[in-house]
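What follows is a single structure, written as structure tokens, with notes after it.
Since the model is a prediction, treat every value here as computed from it, not as a measurement.
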Amino acid sequence: MAATARKLFVEVVEARDLLPKDGMGTSSPYVVADFDGQRRRTQTICRNLNPTWNELLEFNVSSSAKITGEPLEVDVFHDQRVGPSRRNNFLGRVRLDFRQFVRKGEEALIHFPLEKKSFFSWVRGDIGLRIYYDDMSVASSMAAAMKEDNPTGEAEVPPTDDDATAEKSPAAEKAADPVDAAKLEAKAPPEKETNCENLPEQETEPPSTETETQGPAAPQKEAAASPPPPLPVEAVPKLPSKPPVPEPVERSSYDLVDKMQYVFIRVVRARSLPGNAKPHVRVAANGRQTATCTARRSAFFEWDQTFAFARDPASSDSNLEISVWDHPPDAFVGDDDRYFLGGVCFDVSELPVRDLPDGPLAPQWYRLEGSGAARGGDIMLATWVGTQADESFAEAWKADAASTSRSKIYLSPKLWYLRVTLIEAQEISTPTREISLFIRATLGFQVLKTRAAFPRNGAPAWNEDLLFVTAEPFSEEESLVLYLESRQGKEVAILGSAAIPLSSVERRVDDRKVASRWLDLPSTATGCGRRLFGVRLHVRICLDGGYHVQDEQTHATSDNRPSARQLWRPAVGTIDIGVIGCRGLLPMKAVDGKGTTDAFAVAKYGPKWARTRTVADSFDPAWNEQFNWPVFDTATVLTIVVFDDVTGGSKESTANCRPLGRIRIRISTLETNRSYRCFYPLLLLLPSGLKRTGEIEIAMRFTRTVSQFDLLHVYTLPILPAMHHIRPIGYPQRESLRIAAARVSAAHLARAEPSLRREVVMWTLEASDPVFSMRRVRANWGRIAAAMSWVGDGVRWMSEIREWRNPTATIMAHVAILLLMWFPDMIVPAVAVHLGLVGIWRYRRRPKVPAAGLAARESEAEGAEREELDEEFDAVPSVKGEETVRARYERMRAVGTRLQAMLGDAAAQAERVQALLSWRDPGATAVFVAGCFVLAVVMYVMPARMVAVLAAFYFMRHPVFRGPMPPPATNFFRRLPSLAERII
């Protein structure tokens with residue numbers, strides 16, 4: 001197999017709104033790209049502030065590590081040979097790191113704003129680049145490099161000593177071209193062709209050959225008089241790169257969970273067995289027994305399987321028995337000596353203990369005993385005592401787990417929004433003008449339609465966008481199919497169709513318009529042996545990489561990054577989760593008349609899913625497994641769900657895994673570098689009511705990998721990518737796209753081996769259609785009331801002040817009002833200090849443990865009525881009887897009546913405010929107008945501070961000076977007219 005070499009490609013597409021440099025309002029720009037000591041340049045675009053190059057620059061990557069450690073610098077300069085200028089010809093630069101490098105096929109055009117070189121630089125505009133890397137065979141890359149280095153086939157000439165040791169003076173460096181010719185080394189290929197006409201004649205040095213070394217040590221006067229033209233150079237000294245980002249300190253694996261000791265047995269191979277044997281190995285320890293598969297026949301009998309038995313120090317049985325049998329494991333016939341080929345016995349207490357970071361234990365040959373000389377043989381195996389941190393633990397068969405269940409890591413596919421803009425259709429010949437036309441677009445299970453359009457002169461127009469969800473990578477068979485359909489009355493006919501492969505669709509990361517295309521739709525409607533319709537469809541199709549494709553609930557999202565990898569921000573930390581175990585689980589199924597539970601846990605954060613192994617037949621399962629995720633935004637939520645595996649580990653089983661409950665951990669509620677270990681209840685809402693199914697023990701730790709300032713800076717950044725604000729998606733469409741994205745992810749994860757079942761993914765993502773719930777209505781109202789309780793507390797406090805229940809507090813309130821009115825500049829500082837003191841006071845009562853369990857009381861789930869829960873879990877459309885649906889409708893009408901009365905009262909109060917100046921009540925309006933003039937005179941004569949103090953003192957006057965009746969202003973407002981008496 002040929003070795004591969006990685007190449008980095010930089011496609012310089014265009015630049016926009018550059019700064020003029022030639023003194024005539026234009027510039028003649030060219031681009032110089034520098035990566036890993038290699039420099040490339042484009043041709044010069046003459047006198048254009050919005051140039052277009054469309055040139056591909058290629059760089060060799062010396063090793064796979066270089067592409068993640070070397071920066072790419074792209075500089076834009078004005079070519080002084082075209083437009084001489086005494087001004088600095090620097091137009092801007094872009095400095096990029098490996099986060100903007102993607103594989104070939106994932107690239108997209110990105111416009112980067114040009115940056116300054118120094119504080120006094122003056123730049124503007126941006127440059128559009130496509131950056132990607134690809135792996136090529138070493139032979140082809142070397143041949144291409146040799147051809148590029150020596151196109152004429154001539155022998156290379158070694159450079160001279162003078163050229164090799166030449167140095168440039170500081171004055172010459174300033175006078176030379178800003179490509180920094182002092183840094184140029186051994187090669188100088190022929191200059192790029194300049195895309196200009198009628199260039200001014202200038203004396204320039206002839207371009208040197210590729211084997212010569214440029215002499216940068218020209219005299220200072222000559223350099224100042226005629227600076228050499230910027231030349232593309234193949235090799236230059238490496239630019240000083242940014243210091244490598246320090247990697248986070250890697251903590252010991254499984255440092256958050258309990259260490260569990262296991263007895264590991266690795267069965268490798270056997271020899272000297274009968275030639276016609278079909279052997280398998282049985283392993284027995286701690287009262288459990290398992291067997292390998294039938295051996296693969298080669299020079300030896302091969303198995304290479306690992307087993308892990310939980311070690312119980314209190315157990316009296318400390319023997320480990322390994323035996324070889326001559327019949328297939330599925331044809332178990334008991335302990336028949338005719339099939340016994342020999343065995344080996346170990347004392348578990350004498351097995352070696354492996355402590356990390358020790359390497360794996362080397363297997364050894366052991367003589368099979370107990371089978372007689374005729375059947376004797378040797379078996380190669382290794383046995384040791386280790387923990388779940390052992391690298392063999394992940395793939396080993398566990399004695400406490402289902403036979404096909406292992407801890408696995410899954411990755412969701414990269415999801416994209418596919419935007420289809422249907423513009424118009426042409427060349428449509430219809431038999432009648434009363435026909436309506438629409439487009440039906442299908443992508444897998446997703447079907448969308450445009451609105452109906454009527455053909456005018458055979459060219460109906462829609463100008464409508466359709467959004468689909470698709471997953472990467474795109475196969476050649478995956479296509480978007482467009483159908484042009486006509487409707488006349490109730491009859492629908494397909495006029496034509498076209499399929500567009502997703503692999504040919506352009507990607508974008510911003511709101512720029514991609515190139516449109518015309519599609520020929522072959523006609524499918526025929527009559528009398530001739531074609532009736534000919535259709536051309538004008539469309540614009542692109543993959544929108546600037547959006548985050550949401551597959552979770554908005555309040556439980558774990559990732560807000562866009563689809564395009566080039567727009568990802570660096571990680572700010574890592575989250576470590578230790579799933580220790582559960583206790584007190586309820587039996588979820590009956591096996592042989594006995595209630596059992598086969599529990600496993602699933603943790604989801606970002607695109608990464610972590611599934612623990614299934615612990616069979618245990619109400620107190622112990623997993624003690626630890627996982628970690630990178631954190632890009634602390635305002636995200638990690639979800640952990642516990643399921644009962646009713647499938648028995650079989651992928652073909654039709655039974656569904658049943659949920660036992662979920663918890664959610666918000667990353668921002670965790671203190672940095674602090675470990676937590678907590679029990680959380682598992683709650684499950686059923687039609688019969690809220691059920692507590694057990695408890696789960698979780699250990700967690702958030703570790704930041706950036707400075708504290710950078711972590712706090714994340715709070716000021718927008719949560720969603722820029723495209724969600726530039727071109728937002730409405731809530732109804734966003735919710736339907738979320739359900740589609742969840743279905744796409746579930747289908748992708750179900751194809752894994754072993755699969756993450758569809759019901760597990762859908763229940764974790766809560767990918768179900770929203771339903772009405774009276775319980776949630778009450779819960780949301782209670783949340784609003786609890787969040788606004790401070791308003792009620794303030795009103796009650798003010799009522800106590802007005803009623804002089806505490807004379808001292810009332811007098812202090814009067815003094816405070818006097819101070820604030822006479823010194824109004826103290827109002828904002830006083831409020832800010834008050835809020836700060838309240839925050840400091842509440843710091844000692846802050847939550848010690850992050851709240852991750854479900855809020856049963858706030859959700860109104862504990863006291864929910866049976867009928868309300870039955871309505872909440874009912875399907876749409878309802879499957880209940882007529883009487884049940886009628887009763888729910890009547891209850892809904894009662895709730896609607898109360899809501900109608902509240903809306904009517906709010907409307908009446910708003911109309912009374914409007915009636916103050918509408919002259920519907922002439923007397924009331926006249927009084928209000930006169931009062932406005934009186935208030936204007938009073939406010940003009942009296943100082944505003946005095947008016948405010950008098951108003952406050954009047955409001956807080958002693959109850960002796962107040963009566964039980966409403967004040968005149970309230971009576972006046974209530975007498976104003978509204979439309980309530982005229983509403984039908």
Side-chain angles (χ1 to χ4, degrees), residues 778 781-824 827 830-831 834-835 838 894-895 897-983:
R778 292 201 309 271
W781 176 257
R783 291 167 56 195
I784 295 175
M788 300 299 294
S789 60
W790 62 274
V791 178
D793 295 340
V795 171
R796 284 190 294 271
W797 177 80
M798 183 57 63
S799 177
E800 294 177 358
I801 294 295
R802 290 188 63 200
E803 295 175 1
W804 290 71
R805 294 183 182 178
N806 187 349
T808 304
T810 305
I811 293 174
M812 292 180 63
H814 283 73
V815 174
I817 291 175
L818 281 174
L819 291 176
L820 293 177
M821 290 301 104
W822 251 257
F823 302 98
I827 295 178
V831 174
H834 170 73
L835 296 178
V838 170
V895 175
T897 302
R898 293 197 295 269
L899 180 61
Q900 170 185 306
M902 292 175 58
L903 294 177
D905 292 342
Q909 303 302 327
E911 289 168 351
R912 288 191 177 102
V913 174
Q914 235 179 2
L916 288 172
L917 295 173
S918 65
W919 293 93
R920 286 189 58 200
D921 187 341
T925 304
V927 172
F928 179 75
V929 171
C932 289
F933 284 111
V934 171
L935 179 62
V937 173
V938 172
M939 293 296 297
Y940 181 77
V941 174
M942 298 180 61
R945 298 176 182 176
M946 185 175 297
V947 173
V949 169
L950 292 178
F953 283 8
Y954 176 79
F955 177 75
M956 294 188 300
R957 66 191 184 278
H958 198 276
V960 175
F961 304 101
R962 290 200 305 264
M965 305 305 293
T970 304
N971 298 331
F972 177 80
F973 182 77
R974 290 176 179 174
R975 291 178 179 274
L976 293 172
S978 67
L979 293 179
E981 64 273 9
R982 298 171 54 194
I983 295 297

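Closest non-hydrogen pair, I801 versus A813, comes out as CG2-CB, 4.2 Å. Closest approach of L976 and A924 over heavy atoms only: CD2-CB, 3.5 Å. Annotation for A915 and P977: closest pair CB-O, 3.6 Å, computed over non-hydrogen atoms. When all heavy atoms of R945 and W822 are compared, the pair lying nearest together is NH1-O, 3.4 Å.
Here the straight-line distance linking atom CG of L917 with atom SG of C932 works out to 7.0 Å at 0.5 Å rounding. Between atom CZ of residue F823 and atom CG of residue L818 there is a gap of 10.5 Å, rounded to the nearest 0.5 Å.
More than 12 heavy-atom neighbours from other residues, nucleotides or ligands sit within 6.0 angstrom of CE on M798. With a 6.0 Å radius and a threshold of 12 heavy atoms from other residues, nucleotides or ligands, M942 has its CE atom above the threshold. In the displayed structure, R962 atom CZ is contacted under 6.0 Å by more than 12 heavy atoms of other residues, nucleotides or ligands.
Residues F972 and L916 form a side-chain contact, since some pair of their non-hydrogen atoms from C-beta on lies under 4.5 Å apart. Side-chain atoms of R975 and D921, non-hydrogen and from C-beta on, never get closer than 4.5 Å to each other.
Residue pairs meeting the salt bridge (Lys or Arg N to Asp or Glu O under 4.0 Å) criterion with at least one member in residues 927-938, sequence neighbours excluded, do not occur. Screening residues 917-937 for ring-ring contact (aromatic ring centres under 6.0 Å, His included) gives no qualifying pairs among residues at least two apart or on separate chains. The list of side-chain hydrogen bond (donor to acceptor under 3.5 Å, both in side chains) pairs with a residue in residues 795-810, not counting sequence neighbours, reads D793-R796, S799-E803, E803-R805. For residues 903-920, the set of pairs meeting the salt bridge (Lys or Arg N to Asp or Glu O under 4.0 Å) definition, not counting sequence neighbours, comprises R920-E981.
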Problem set entry | Test log, rule side chain to side chain contact (heavy atoms under 4.5 Å, CB included), inputs V913 and Q909 | CA-CA 7 Å; V913 174; Q909 303 302 327; 6.0 Å; no

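The ring pair (Phe, Tyr, Trp, His ring centres under 6.0 Å) check on F953 picks up H814, with sequence neighbours excluded. Listed by chain and number, the residues in a side-chain hydrogen bond (donor to acceptor under 3.5 Å, both in side chains) with R957 amount to none (sequence neighbours excluded).
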